[in-house]
2 protein chains.
Amino acid sequence: MTTRTITIKDVADMAGVSPATASRVLSGNPATSPESRKRVIAAASQLDFHPNAQARALRSTRTNVIGLLMSDVRNPFFADLAHSAEQTALAEGFVTLLGNANENAVQQDRYLDTFISQRVDGVVAAPEGMGSSSLRALLAREIPTVFVDRTIDGIDVPSVTTDSDNGIRQAVEHLAQQGHTRVGYIAGPQATSTGRDRLRSYAKAAQDYGISTDPALIYFGDFQSRSGSDGAHHLLSLSQPPTALLAADSPMAVGALATLNRKGMRIGRDMGLIAFDDIEWFSLLDPPLTVISHDVEAMGRIAVELLLELINGGQPSSVVLPSELIIRASSGTADPVVART
Amino acid sequence: MTTRTITIKDVADMAGVSPATASRVLSGNPATSPESRKRVIAAASQLDFHPNAQARALRSTRTNVIGLLMSDVRNPFFADLAHSAEQTALAEGFVTLLGNANENAVQQDRYLDTFISQRVDGVVAAPEGMGSSSLRALLAREIPTVFVDRTIDGIDVPSVTTDSDNGIRQAVEHLAQQGHTRVGYIAGPQATSTGRDRLRSYAKAAQDYGISTDPALIYFGDFQSRSGSDGAHHLLSLSQPPTALLAADSPMAVGALATLNRKGMRIGRDMGLIAFDDIEWFSLLDPPLTVISHDVEAMGRIAVELLLELINGGQPSSVVLPSELIIRASSGTADPVVART
DNA sequence: CTGAAAGCGCTTACAG
DNA sequence: CTGAAAGCGCTTACAG
């Protein structure tokens with residue numbers, strides 16, 4: 001280090017005050033004289049002083065950093081969620097340490113351990129699994145934590161989630177009305193609450209609306225696009241293939257779409273397709289994709305708002321956001337002749 | 001804080017050694033006896049000790065954190081870039097502090113100042129503008145910095161960029177071969193190097209291949225999708241509208257696509273469309289989108305590799321990655337009868 | 001191989 | 001309103 005780094009002592013010296021007074025001015029403590037304030041601020045500006053966040057955090061046990069654990073930043077849903085959370089946090093004076101679990105339990109724990117070591121003021125997490133030791137370590141340290149999108153059974157922290165049930169029910173009803181009786185469901189991983197909830201909702205709605213509950217019609221994916229194309233491939237190879245597909249998230253829907261295209265199937269005519277998650281460009285596909293939509297912007301924003309309440313000693317309640325079906329052309333009837341039985 | 005936090009002193013006490021020895025064991029210093037190692041590791045594990053990263057950083061002037069400044073995480077190109085950089089960093093033992101400038105100079109500076117205060121070990125940035133005071137402060141402190149995707153004229157740091165020229169040239173040649181003579185170019189912001197470079201390449205290639213250089217055919221967007229739809233709308237309203245559009249990034253291409261769809265234009269027949277950036281699902285559109293492709297995974301990985309070299313005292317050279325045209329159906333001829341003149 | 005001691009750069013009771 | 005002093009939790013020459 002050739003250029004010695006500027007410390008608060010340099011600022012204090014130049015301003016002709018003690019480090020204590022300089023510290024008070026710079027942290028907005030009102031117990032300062034206008035004269036001191038003027039000189040300290042001038043000195044800090046002239047020296048281009050950037051306070052050492054490590055030293056500040058070490059002493060004050062506040063870092064103004066929140067940890068944001070996302071399961072897969074390349075999934076546009078989580079990219080949007082991260083964006084919404086990050087912008088909300090920034091507006092409130094917090095910077096965001098982003099951990100990308102990459103749908104991988106080991107990486108998730110790696111980042112949670114990092115959050116603990118970095119002494120973040122709080123964590124917003126879209127967790128997977130059943131509560132690893134890293135997650136328990138986080139909670140044992142009473143680090144304020146909010147779950148977003150996903151939860152973990154038996155771990156009682158505030159959360160912001162989507163009520164998938166309504167949207168999925170509408171989707172199944174819609175498919176039934178279109179005359180479908182065999183629907184392929186590409187499920188999310190059962191190690192996630194959303195994977196489990198959406199499958200449960202689907203299974204129940206299928207039964208209620210007279211859609212086949214043949215277990216062969218359920219394919220278990222991992223929320224990533226590759227498993228969507230594998231799933232579509234598998235389902236179409238069944239001896240009694242489905243006439244429509246419902247994918248539990250958008251990357252798997254994209255994967256399924258790629259398979260259908262490769263096979264030369266006409267979406268909405270040869271094969272219906274509905275995706276969970278509304279992504280901007282899904283409406284630009286030809287045909288536009290029918291989706292189950294939920295409000296990702298609100299989800300990210302509210303998660304950070306709950307976290308700030310928690311950090312400030314409050315006891316916020318969990319929030320559940322609605323989901324709803326948006327019907328577009330991809331779910332057109334497979335065979336309009338087949339009436340509901 | 002009810003539960004007192006565990007420190008290295010607790011670990012040392014339980015292991016029956018000094019904090020110095022505990023520290024040596026935990027940081028892998030070889031000057032330790034097997035006996036000490038065994039007992040310190042056991043104690044740390046039993047107490048679930050997570051070293052305070054602030055304290056460690058304050059003393060050792062290493063944080064093992066790198067700052068990653070992206071211009072817009074919702075842009076899939078940058079989401080992929082962030083993912084690639086983050087995974088590479090993680091494998092090398094660094095965690096990533098993600099700053100999202102949101103294509104906004106003020107937010108960019110906010111994050112750069114944060115990186116300085118957090119004393120990150122290095123920065124990977126996709127910068128915009130001409131070199132703000134925050135950016136200069138970063139460099140004045142000799143914080144290792146690498147530019148990725150974009151650069152700033154007159155600021156000499158290693159970078160990983162794409163040579164847009166070749167891909168754009170191929171795209172223009174292809175459009176000319178298809179008989180197009182009036183092409184609408186939706187440019188990126190001229191405050192970014194990529195916005196400027198791509199426009200320059202386009203203008204030169206248009207001239208070389210006999211495509212109109214009418215300035216009315218250039219629309220200046222901001223790399224976000226809204227400006228793409230505005231741009232398409234504007235260009236189609238010209239008294240002599242273009243027969244094809246070339247968008248300088250993928251969100252603007254998505255925006256243009258939305259406008260074309262709304263107007264009921266058939267892509268690839270009524271209007272050609274080419275996008276800079278290859279996004280997974282662009283090939284799933286109907287018709288699939290012709291794109292100028294470059295290697296985002298390599299870009300993120302190499303950027304972090306260069307940064308690590310820099311952090312370790314090396315003097316890495318900048319890397320320029322190639323771009324190339326991938327022809328799909330969206331750039332089909334506007335009017336196949338028109339021969340090249 | 002080990003420990004005592006100093007110090008990284010701040011903030012915060014404490015006393016005035 | 002201000003300053004001297006202590007201390008946050010580590011690491012690292014230094015001496016042995």
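Chain identifiers are assigned alphabetically (A, B, ...) following the order of the sequence lines, protein sequences preceding nucleic acid strands; residue numbering begins at 1 within each chain. Not measured: the values here are computed from a predicted model.
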Minimum heavy-atom distance B:Tyr111-B:Asn100, with the two atoms named
CE1-N, 3.5 Å
Take atom [atom1] of [X] and atom [atom2] of [N], then tell me their distance rounded to the nearest Å.
X: B:Lys38; N: C:dC1; atom1: NZ; atom2: P; answer: 16 Å
X: B:Lys9; N: D:dT11; atom1: NZ; atom2: C1'; answer: 16 Å
X: B:Arg59; N: C:dA6; atom1: CZ; atom2: C1'; answer: 7 Å
X: B:Leu58; N: C:dC10; atom1: CG; atom2: P; answer: 9 Å
X: A:Asn29; N: D:dG3; atom1: CG; atom2: P; answer: 13 Å
X: B:Glu35; N: C:dG3; atom1: CD; atom2: C1'; answer: 17 Å
X: B:Gln118; N: C:dG9; atom1: CD; atom2: P; answer: 16 Å
X: A:Gln54; N: D:dC10; atom1: CD; atom2: C1'; answer: 12 Å

Out of [options], whichever nucleotide has its closest atom nearest the side chain of [X]:
X: A:Ser18; options: D:dG3, C:dT2, C:dA5; value: D:dG3
X: A:Arg24; options: C:dC10, C:dA13, C:dG9; value: C:dA13
X: B:Ser33; options: D:dC10, D:dT2, C:dC1; value: C:dC1
X: B:Arg56; options: C:dC10, C:dG9, D:dT11; value: D:dT11
X: A:Val17; options: D:dT12, C:dC10, D:dG3; value: D:dG3

Sugar-phosphate only, base, or nothing, as touched by A:Pro34 at under 4.0 Å among non-hydrogen atoms:
nothing
By the 4.0 Å heavy-atom rule, please label A:Ser36 as base, sugar-phosphate, or nothing.
sugar-phosphate
Does [X] have a side-chain nitrogen or oxygen under 4.0 Å from the phosphate oxygens OP1 or OP2 of [N]?
X: A:Thr21; N: D:dG3; result: yes
X: B:Thr32; N: C:dT2; result: no
X: A:Ser23; N: C:dT11; result: yes

Evaluation steps, side-chain hydrogen bond (donor to acceptor under 3.5 Å, both in side chains), between B:Arg24 and B:Thr32:
CA-CA 7 Å; B:Arg24 288 191 190 95; B:Thr32 47; over 6 Å; no
Counting Watson-Crick and G-U wobble pairs only, both distances under 3.5 Å, name the nucleotide matched with C:dA4, or none.
none
Any strand, both distances under 3.5 Å, Watson-Crick or G-U wobble: D:dA13 pairs with none
Heavy atoms from other residues, nucleotides or ligands near CD of B:Gln46 exceed 12 (cutoff 6.0 Å)
no
Taking atom types as modelled, is there a side-chain donor on B:Thr63 or B:Arg119 under 3.5 Å from an acceptor on the other?
no
Using the C1' atoms only, state how far C:dG16 lies from C:dT12, rounded to an integer number of Å.
16 Å
Considering only heavy atoms from C-beta outward, does the side chain of A:Phe115 approach that of A:Ile143 to under 4.5 Å?
no
So, do B:Thr114 and B:Ser117 sit near enough that their side-chain heavy atoms are less than 4.5 Å apart?
no
Of A:Ala20 and B:Ser60, the one whose nearest nucleotide on DNA chain D sits closer to the 5' end is A:Ala20
